[in-house]
Amino acid sequence: MTQVAIRDALSGQIAAGETVTVRGWVRTRRDSKAGLSFVNVSDGSCFDPIQVVAPASLANYEDEVSHLTAGCAVIATGTLVASQGKGQSFELQADTVEVVGWVEDPETYPIQPKPHTMEFLREVAHLRPRTNIFGAITRVRHCMAQAIHRYFHENGYCWVNTPIITTSDAEGAGQMFRVSTLDLANLPRTADGAIDFREDFFGREAFLTVSGQLNVEGYCLALSKVYTFGPTFRAENSNTSRHLAEFWMVEPEIAFADLAATADVAESFLKYVCKAILDERGDDMAFFAQRVDKQAIARLEAIVSTPFERIDYGAAVEILKRAPKTFDFPVEWGMDLQTEHERYLCEQHVRGPVVVTDYPEQIKAFYMRMNDDGRTVAAMDVLAPGIGEIIGGSQREERLDRLDARMVQFGLDPADYQWYRDFRRYGTVPHSGFGLGFERLLVHVCGLTNIRDAIPYPRVPGSAEF
RNA sequence: UCCCGAGUAGCUCAGCCGGUUAGAGCACCUGACUGUUAAUCAGGGGGUCGUCAGUUCGAGUCUGACCUCGGGAGCCA
């Protein structure tokens, strides 16, 4: 008797006739008067459950097997055989079915063998991994994460774990969560009545990170090719289907690389990850294409096979101005591109992925490198059909005087960024990188509509349950 | 945060112009059915109509406030 993953039992890796044990949770049970029950059991190792054929001759058939309902935990041992029925290649002819855990009240068990709305499943986020769709999302999410690490590892990048807690309070990427051990009911005060953060845990104000980029630049300027992949926190009060207060971000940073080189990395990176999902999670993607979004697979294939076009912001504005389409927001040089503009560019004009580069300096962050024209910075966005912006990146300003000027222009005090400025004082080199919202990519890979379904336990304003 | 919309059985929903005992499908329970595929068929149990207040002879239905959820906007990844 061998304990096996259902994935292996169904894939043909195990010879028919072998005696095997599977362990998992009941999805459905169908009884036949022929004297047997069909119990579909899932262990999450693949999309499909295995059909356990339980004969009425089992000792516990009357008392237990015939009362199994969705969610019951079972261990089934028997012979793996080619299925007599349609719908599956192999099935398990059970010799024993041990019930490990019953469902207390089948009628009120939230995960029923029927379609549920995503809204309802969010209310039972601790149980939703037991559904087909969240099993699939979870496996694709894992596949994506592994592919990301593999891509960088194979290309000579070092994974750098930048801090979750930061004391840079003005990275310009949004509102931050405070980290403090002060007694809120009894705050220490300075002479002028302000809160005395010298009494706080770190001896100064501290927050949760909104980006690892500034920190990772230091490692980039020593290890040449690095990336971060970890949780990120934004305290913005945004209540949308595209925002989380806690999400995961991927941020590669490359030394001696200009913007064009980073755009090439972004393209090969996305192609690699999307191809890995197609190769490794065909079962789950087939489900998304069938039940969630018909375009799910075609969209991934398009990213893998279509070369990304590159245009600069100025050209994009000209294209949009001449577009035979009226936009809600009129296009003018100097303004940020709206979602409708981005979608037109990649879906109507290019009809494929496009990298837009060199944006007006006033709409981009302080650390982006000023171009020679003095009015644009070396920034890029990767836009994909049906997805919109999936990557934002830039070449970093490596010249100290220019960087200081940008900080002042953005109302930041260079004195607060001494360690960041050091990178430009000691052996500065051109370098660049980009950021990818992990859940946003996952939403679009799976064809989901709400980012709260792309992370196991979503944290959003007013809600951090489970 | 702003603008819309929605809260009725475990889930998804119907419930007309305010009027008798609030319905359906699925799920669950019982039974039937010779290998089923979200099986099928018959029967059964299951409700503080989001909360609070108000209008009315009478409120699931009308009004107000609040709560929760969803869609859109802003901000962004």
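Just so it is clear: chains get the letters A, B, ... in the order the sequence lines come, proteins before strands, and each one is counted from 1.
- Separating the SG atom in A:C346 from the CD atom in A:E309 is a distance of 11.5 Å, to the nearest 0.5 Å.
- Closest contact between the side chain of A:H243 and the listed nucleotides B:C29, B:C75, B:G74 involves B:C75.
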- List the steps and the verdict of side-chain contact (heavy atoms from CB on, under 4.5 Å) for A:Y457 and A:E465. CA-CA 8 Å; A:Y457 296 99; A:E465 216 182 335; over 6 Å; no
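- Sorted by first then second residue, the side chain to side chain donor-acceptor pair (under 3.5 Å) pairs that include residues 263-273 of chain A, not counting sequence neighbours, are A:R150-A:Y272, A:Y151-A:S268, A:E154-A:Y272, A:D264-A:R310, A:E267-A:K271, A:E267-A:R310.
- Scored by the side chain to side chain donor-acceptor pair (under 3.5 Å) test, A:Y420 finds A:E217, A:R424 as partners (sequence neighbours excluded).
- If you run side-chain contact (heavy atoms from CB on, under 4.5 Å) between A:T21 and each of A:T96, A:L92, A:I75, only A:I75 comes through.
- Nearest to the side-chain atoms of A:T69 among the listed nucleotides B:A39, B:C29, B:C75 stands B:C29.
- Applying the salt bridge (Lys or Arg N to Asp or Glu O under 4.0 Å) criterion to A:E251, with sequence neighbours excluded, gives no partner residue.
- The salt bridge (charged side-chain N to carboxylate O under 4.0 Å, His left out) analysis of residues 66-79 of chain A, with sequence neighbours excluded, yields no pairs.
- Between B:C17 and B:A73, the two P atoms lie 33 Å apart (nearest whole Å).
- One atom, CG of A:L337, and another, C1' of B:G74, lie 17 Å apart when rounded to the nearest Å.
- Annotation: salt bridge (charged side-chain N to carboxylate O under 4.0 Å, His left out) contacts involving residues 450-459 of chain A, sequence neighbours excluded, comprise A:R122-A:D453, A:R128-A:D453.
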Taking N or O atoms only and anything under 3.5 Å, show me the protein contacts with nucleotides 32-35 of chain B, one pair per line.
from  : atom 1 : to    : atom 2 : distance (Å)
B:G35 : OP1    : A:S32 : OG     : 2.7
B:G35 : O6     : A:Q84 : OE1    : 3.4
B:G35 : O6     : A:Q84 : NE2    : 2.9
B:G35 : O6     : A:Q93 : NE2    : 2.8
B:G35 : N1     : A:E91 : OE2    : 2.8
B:G35 : N2     : A:E91 : OE1    : 2.6
B:G35 : N2     : A:E91 : OE2    : 2.8

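- To the nearest 0.5 Å, the span separating CD1 on A:I455 from CZ on A:R141 amounts to 5.0 Å.
- Residue A:Q295 places its CD atom among 12 or fewer non-hydrogen atoms of other residues, nucleotides or ligands, all under 6.0 Å distant.
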Would you list the protein and nucleotides 6-8 of chain B atom pairs, both N or O, that sit under 3.5 Å from each other?
none

Pairs under 3.5 angstrom, nitrogen or oxygen only, protein versus nucleotides 67-71 of chain B, please.
from  : atom 1 : to     : atom 2 : distance (Å)
B:G70 : OP1    : A:R122 : NH1    : 3.1
B:G70 : OP2    : A:R452 : NH1    : 3.3
B:G71 : OP1    : A:N450 : ND2    : 3.4
B:G71 : OP2    : A:N450 : ND2    : 3.4

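- Between A:S238 and B:C76 there is no side-chain N or O to OP1 or OP2 distance below 4.0 Å.
- A gap of 12 Å separates the P atoms of B:A59 and B:U21, to the nearest Å.
- For A:R7, there are no salt bridge (Lys or Arg N to Asp or Glu O under 4.0 Å) partners at least two apart in sequence or on another chain.
- Among the nucleotides B:G74, B:G10, B:C75, the one closest to any side-chain atom of A:Q112 is B:G10.
- Comparing the P positions of B:U68 and B:G74 gives an interatomic distance of 24 Å, to the nearest angstrom.
- For A:D48, there are no salt bridge (Lys or Arg N to Asp or Glu O under 4.0 Å) partners, not counting sequence neighbours.
- Salt-bridge check for A:R375 with A:E361: failed, with every basic side-chain N at 4.0 Å or more from each acidic carboxylate O.
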Check: protein-nucleotides 44-48 of chain B nitrogen or oxygen pairs below 3.5 Å:
from  : atom 1 : to     : atom 2 : distance (Å)
B:G45 : N2     : A:E107 : OE1    : 2.9
B:G45 : N2     : A:E107 : OE2    : 2.3

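- Checked options A:D284, A:L278, A:V140, A:I390; the residue passing with A:V445 is A:V140 (criterion: side-chain contact (heavy atoms from CB on, under 4.5 Å)).
- Contact annotation: side chain of A:H116 to base of B:C11, donor-acceptor pair absent below 3.5 Å.
- Atoms CZ (A:F47) and P (B:A38) sit 11 Å apart, rounded to a whole Å.
- Within 4.0 Å of A:F329, counting heavy atoms only, lie sugar-phosphate atoms of the nucleic acid but no base atom.
- A straight line from CZ of A:F434 to C1' of B:C76 spans 18 Å, rounded to a whole angstrom.
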- Task: Give the dot-bracket string for RNA chain B, reading 5' to 3', where a pair is Watson-Crick or G-U wobble with both distances under 3.5 Å, ( ) marks pairs inside the strand, [ ] marks pairs crossing earlier ones, | marks a partner on another strand, and . marks unpaired.
- Result: (((((((..((((.....[...)))).(((((.......))))).....(((((..]....))))))))))))....
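- Remark: P of B:C76 and CZ of A:F233 are 20 Å apart, rounded to the nearest angstrom.
- Comparing A:K114 and A:Q338 by the nucleotide of RNA chain B that holds the closest heavy atom to each, the one mapping nearer the 5' end is A:K114.
- Rounded to whole Å, the C1' atom of B:G50 lies 24 Å from the corresponding atom of B:C16.
- We find that CG of A:L383 is positioned 15 Å from C1' of B:C76, with the value rounded to whole Å.
- Here A:P110 lies out of heavy-atom contact (under 4.0 Å) with every strand.
- As rounded to the nearest Å, B:C49 and B:A24 have C1' atoms that lie 16 Å from one another.
- Taking 90° from 0 as the syn/anti boundary, the base of B:C26 is oriented anti.
- Contact annotation: A:R30 does not reach the phosphate of B:U36 (side-chain N/O to OP1 or OP2, under 4.0 Å).
- A distance of about 15 Å separates the C1' atoms of B:G23 and B:U61, rounded to the whole Å.
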